[in-house]
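Report on the structure given below.
So that the names make sense, note that chain A is the first sequence line, chain B the second, and so on, each numbered from 1.
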Amino acid sequence: MSGFDLQWVGNGRHAAGDVRFTRRETFALGLCMCCLPAHGSAAHTFSLNDLGNGLFVREAPHEEATLANMGAIANTCFIIGRDSVLVIDPGGSVTDGRWLLSEIRKRTAKPIRHVVMTHVHPDHCFGAEAFVDEQPEFIGHAALRPAFDARGSFYHQRLVEMLGPENVGRLVYPTREISDVAEIDLGDRLIRIIAHGAAHTDCDLSLFDTSTGTLFPADLLFVDRIPSLDGSLLGWLREAKRLSAIAPARAVPGHGPAMVDFEAAMARQLRYLTALHDGTRRAIAAGIAINEASRTVAADQGEGWILFEDYNGRNVIQAYKELEWE
Amino acid sequence: MTRTLRTVFAAALVTAFCGGSASATDPSQPDAGREKRWQEIAGYLFDDRDIVPTDTLIKIDAPKRAEDAALVPITLTMPEKDKIKSVYLVIDDNPAPLAAHVTFGPAADPGALQLRVRIDTYTNVHAVAETKDGKLFSTAVFVKASGGCSAPSGPSDVEAMKGMGDMRMKFAKGVEKKSSEATLMIRHPNFNGMQMNQLTRLYTPPRYIDKVTVSHGDQTVLDIVGDISLSTNPVLSFNFMQTDGQPMTVVASDTKGSRWEQSFQVPSAMH
């Protein structure tokens with residue numbers, strides 16, 4: 001044996017059930033720690049879920065970036081393979097990235113050869129600087145570079161306002177760009193990367209760990225936290241089908257529990273995105289103005305979604321400005 | 001049991017947290033400071049002409065808190081529309097406060113106007129109506145928004161430029177006899193000069209729609225002077241007095257000297 005057992009394939013339901021319990025505990029714990037900084041110390045403390053098979057996930061709280069959470073509001077993961085380590089989303093700030101690196105180094109001395117930035121959003125990318133000295137390949141969608149060009153300084157400035165410049169770090173541009181599909185080998189462990197068409201953003205990557213049947217859809221799959229639309233609603237519905245065709249046993253979403261049953265989680269997200277799509281299209285056809293639509297479309301879909309009130313209206317605006325040109 | 005309690009505890013914390021994050025602190029600038037700012041802008045824009053506050057001649061409908069600071073829908077209504085010659089929309093704390101000046105022509109129905117703007121920070125938004133006898137009347141609302149001006153125009157500058165100058169016009173039945181509603185959509189990034197390229201550290205040069213004329217047959221509906229606060233892919237809804245068989249023609253130009261013209265058939269019997 002090479003130090004780990006790959007034992008999940010075809011055992012999704014059971015594994016997801018087990019992890020769900022762990023998540024509940026971690027979720028409560030994580031939030032407790034986030035509340036502590038109100039007493040004065042800006043602690044950035046999260047626990048890491050060891051999912052087995054060399055797979056680790058830091059499950060983030062459903063919050064906006066604050067000094068208290070150091071921008072650590074998206075899930076970050078790493079996979080320790082036989083030969084090397086791959087990081088998926090290095091964190092929401094350089095402070096967050098340094099924390100992740102230290103957690104990796106507590107567990108393995110293997111080289112970190114790949115750091116994947118799944119899309120342009122700051123909660124997924126700004127930790128990359130912490131990994132520069134490890135000299136990994138920084139992997140991004142072919143559209144990530146122009147997206148960084150257009151948005152990087154805006155995100156940087158907003159994040160500096162919240163976290164202070166010392167915590168934010170600088171953006172690291174991808175050193176390897178993926179425009180279609182790529183495979184990475186961590187040592188008898190193939191990770192397949194797909195560059196998606198515009199969906200959540202216009203530069204989304206997903207990863208599939210072929211050895212364990214685990215999908216890393218990043219923000220193409222939101223669980224519990226309301227999905228936020230920043231690319232193309234029609235595209236997202238399309239790319240969701242593409243992910244479903246992989247039929248993964250389980251998934252590590254960009255936001256939500258460390259591990260979920262893919263099919264159920266995607267079905268739930270599709271219910272919301274479909275309601276958003278149908279409602280927005282109806283509003284446009286009926287000549288309902290964008291401001292009225294943002295207040296009414298999909299407004300009844302909030303049950304079970306955290307931050308729904310903060311994002312649904314905005315999602316409608318994004319959907320409306322896309323669909324009104326149809 | 002323990003598990004249930006934990007779940008409840010977590011849920012309670014989530015509620016507390018979301019509630020907290022949604023209620024941002026109010027702006028520090030006192031009302032007096034905002035009023036002083038408005039007086040300065042008004043003096044500059046209107047050459048110290050008298051501006052009378054009004055509750056009746058012009059009204060603004062805007063979200064109290066913008067969902068998307070780069071696309072804030074604003075509706076102006078002018079109930080005594082026969083008196084109205086033109087309207088100004090001013091976003092006090094935007095880098096260039098005047099967002100648009102719309103002058104109504106003979107084919108207009110100046111009862112209502114809807115447009116989309118970028119809003120950079122918590123600010124008063126003023127609408128000023130100019131009556132046909134040359135007087136100015138103003139009203140204001142306070143809008144909470146942030147970062148709308150420096151927010152990118154699209155996923156990338158190249159994407160944002162695609163299809164520049166394409167236009168659409170949608171028509172709907174108006175509320176009054178002979179009056180119909182039109183929505184004009186123009187593809188244009190409306191770069192306002194505030195979007196910095198991360199790599200070059202240079203700002204994408206400003207390039208925005210600065211003039212639009214809408215005509216129905218040979219009569220003018222609207223003359224619009226736009227500025228950097230109009231959103232990417234500007235959209236404007238307005239009412240007009242329909243004459244069957246006459247097309248709508250739009251001529252738009254931007255600050256780089258590009259000019260686009262397009263005509264649209266108006267479905268007959270809209271009214």
Legend entry - Pairing residues for A:E326 by the side chain to side chain donor-acceptor pair (under 3.5 Å) criterion, not counting sequence neighbours: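 A:E326: side chain to side chain donor-acceptor pair (under 3.5 Å) contacts with A:R281.
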
Residue [X] versus chain B: region with a heavy atom under 4.5 Å:
X	value
A:A143	neither
A:I284	side chain
A:Q318	side chain
A:Y320	side chain

Inset, instruction - Would you mind listing every side chain to side chain donor-acceptor pair (under 3.5 Å) that reaches into residues 141-154 of chain A, with sequence neighbours excluded? - result: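 Every pair satisfying side chain to side chain donor-acceptor pair (under 3.5 Å) with a residue in residues 141-154 of chain A: A:R145-A:E177, A:D149-A:Y173, A:R151-A:Y155, A:R151-A:D230.
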
Legend entry - Short side-chain donor-acceptor distance under 3.5 Å, A:D219 and A:H121: no

Legend entry - Between A:N75 and A:E59: side-chain donor-acceptor atoms closer than 3.5 Å: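 Result is no, nothing qualifies.
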
Heavy-atom distance under 4.5 Å to chain A: side chain of [X], backbone, both or neither?
X	result
B:Q114	side chain
B:S237	neither
B:A66	neither
B:R187	both
B:V235	side chain

Legend entry - Check ion pair A:R158-A:E64 (N to O, under 4.0 angstrom):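 No, A:R158 and A:E64 are not salt-bridged.
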
Legend entry - Pair A:R295 + A:E292: basic N to acidic O under 4.0 Å: yes

Legend entry - A:E309 atom CD, over 12 foreign heavy atoms within 6.0 Å: no

